[in-house]
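One structure below.
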Amino acid sequence: QMPLVESGGGMVQAGGSLRLSCTASPRTFSSYALGWFRQAPGKERAFVAAISWGGAKTYYADSVKGRFTISRDNAENTVYLQMNSLRPEDTAVYFCASDSTNYYSASEWRYWGQGTQVTVSS
């Protein structure tokens, strides 16, 4: 079983919304923080959002604050990223990750999904 599997990407017009989902195996979900990163062509993988293992604390990149919301359903081993008011600059491959103590650094996450493409047209 893949450690993490993302879904929900697609193409949307600017101003629209998408919800990404990431389902994890119990091994890569239970008691771990979860995060979302994105990578645009020619750019490094960048932090988007993270949520503590209990869900009480959330963290966001400045570029998505007020527009994106991260949440988790521990009963379903799933983490979500609700993306509203999307902009063309949000276009990227979005990855979910689990198990980290330094949320903002991609190199500090242990498990990764394969990514899902989000394209926002102007």
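Model, not experiment: these values are computed from the prediction.
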For Arg87, all residues meeting salt bridge (Lys or Arg N to Asp or Glu O under 4.0 Å), sequence neighbours excluded = none
Do the two ring centres, one from Phe68 and one from Trp36, sit under 6.0 Å apart?
-> no
To the nearest 0.5 Å, how far apart are CD in Gln114 and OG in Ser7?
-> 9.0 Å
Considering residues at least two apart in sequence or located in another chain, which fulfil the side-chain contact (heavy atoms from CB on, under 4.5 Å) criterion with Ala46?
-> none
Pairwise side-chain contact, Leu20 with Thr116, heavy-atom cut-off 4.5 Å (strictly under) = yes
Tyr111 side, atom OH; Ser25 side, atom OG - distance, nearest 0.5 Å = 7.5 Å
Value for NZ (Lys57) from CD1 (Ile70), rounded to nearest 0.5 Å, stands at 15.0 Å
Test applied, side-chain contact (heavy atoms from CB on, under 4.5 Å); reference residue, Met83; option that passes from Val118, Val120, Val64, Val48 | Val118
Would you please name every residue forming a side-chain contact (heavy atoms from CB on, under 4.5 Å) with Thr69, sequence neighbours left out?
-> Tyr60, Gln82
With sequence neighbours excluded, what pairs up with Ser17 under the side-chain hydrogen bond (donor to acceptor under 3.5 Å, both in side chains) test?
-> Asn84
Quick one: side-chain hydrogen bond (donor to acceptor under 3.5 Å, both in side chains) partners of Gln39, sequence neighbours excluded?
-> Arg45
Is the NZ or CZ atom of Arg19 both under 6.0 Å from the centre of the six-membered ring of Tyr80 and within 45° of that ring's axis?
-> yes
What is the minimum heavy-atom distance between Gly8 and Leu18, and which atoms define it?
-> O-CD2, 4.0 Å
Go through the structure and list residues passing salt bridge (Lys or Arg N to Asp or Glu O under 4.0 Å) with Lys65, not counting sequence neighbours.
-> Asp62
For the student: nearest non-hydrogen atoms of Ala14 and Pro88, plus distance | CB-CD, 4.1 Å
State which residues pass side-chain contact (heavy atoms from CB on, under 4.5 Å) with Thr119; sequence neighbours excluded, sorted by chain then number.
-> Met11, Thr91, Gln117
Of all residues at least two apart in sequence or in a different chain, which pass the salt bridge (Lys or Arg N to Asp or Glu O under 4.0 Å) check with Arg67?
-> Asp90
Residue pairs meeting ring pair (Phe, Tyr, Trp, His ring centres under 6.0 Å), one or both in residues 88-107, sequence neighbours left out, come to Phe47-Tyr104, Tyr59-Tyr103, Tyr103-Trp109
Please tell me if the side chains of Val79 and Glu6 come closer than 4.5 Å, counting only heavy atoms from C-beta onward.
-> no
Which residues share a side-chain hydrogen bond (donor to acceptor under 3.5 Å, both in side chains) with Ser107, sequence neighbours left out | Ser105
If a pair satisfies salt bridge (charged side-chain N to carboxylate O under 4.0 Å, His left out) and one of its residues is in residues 103-116, list it, with sequence neighbours excluded.
-> Asp99-Arg110
Quick note, disulfide bond (SG atoms under 2.5 Å apart) partners involving residues 39-85, not counting sequence neighbours, are none
Between Leu4 and Ala24, which heavy-atom pair has the shortest distance, and what is it?
-> CD2-CB, 3.2 Å
Of all the heavy-atom pairs spanning Gly16 and Val12, show the shortest one and how long it is.
-> CA-CG2, 3.8 Å
For the student: nearest non-hydrogen atoms of Glu76 and Thr23, plus distance | O-CG2, 4.4 Å
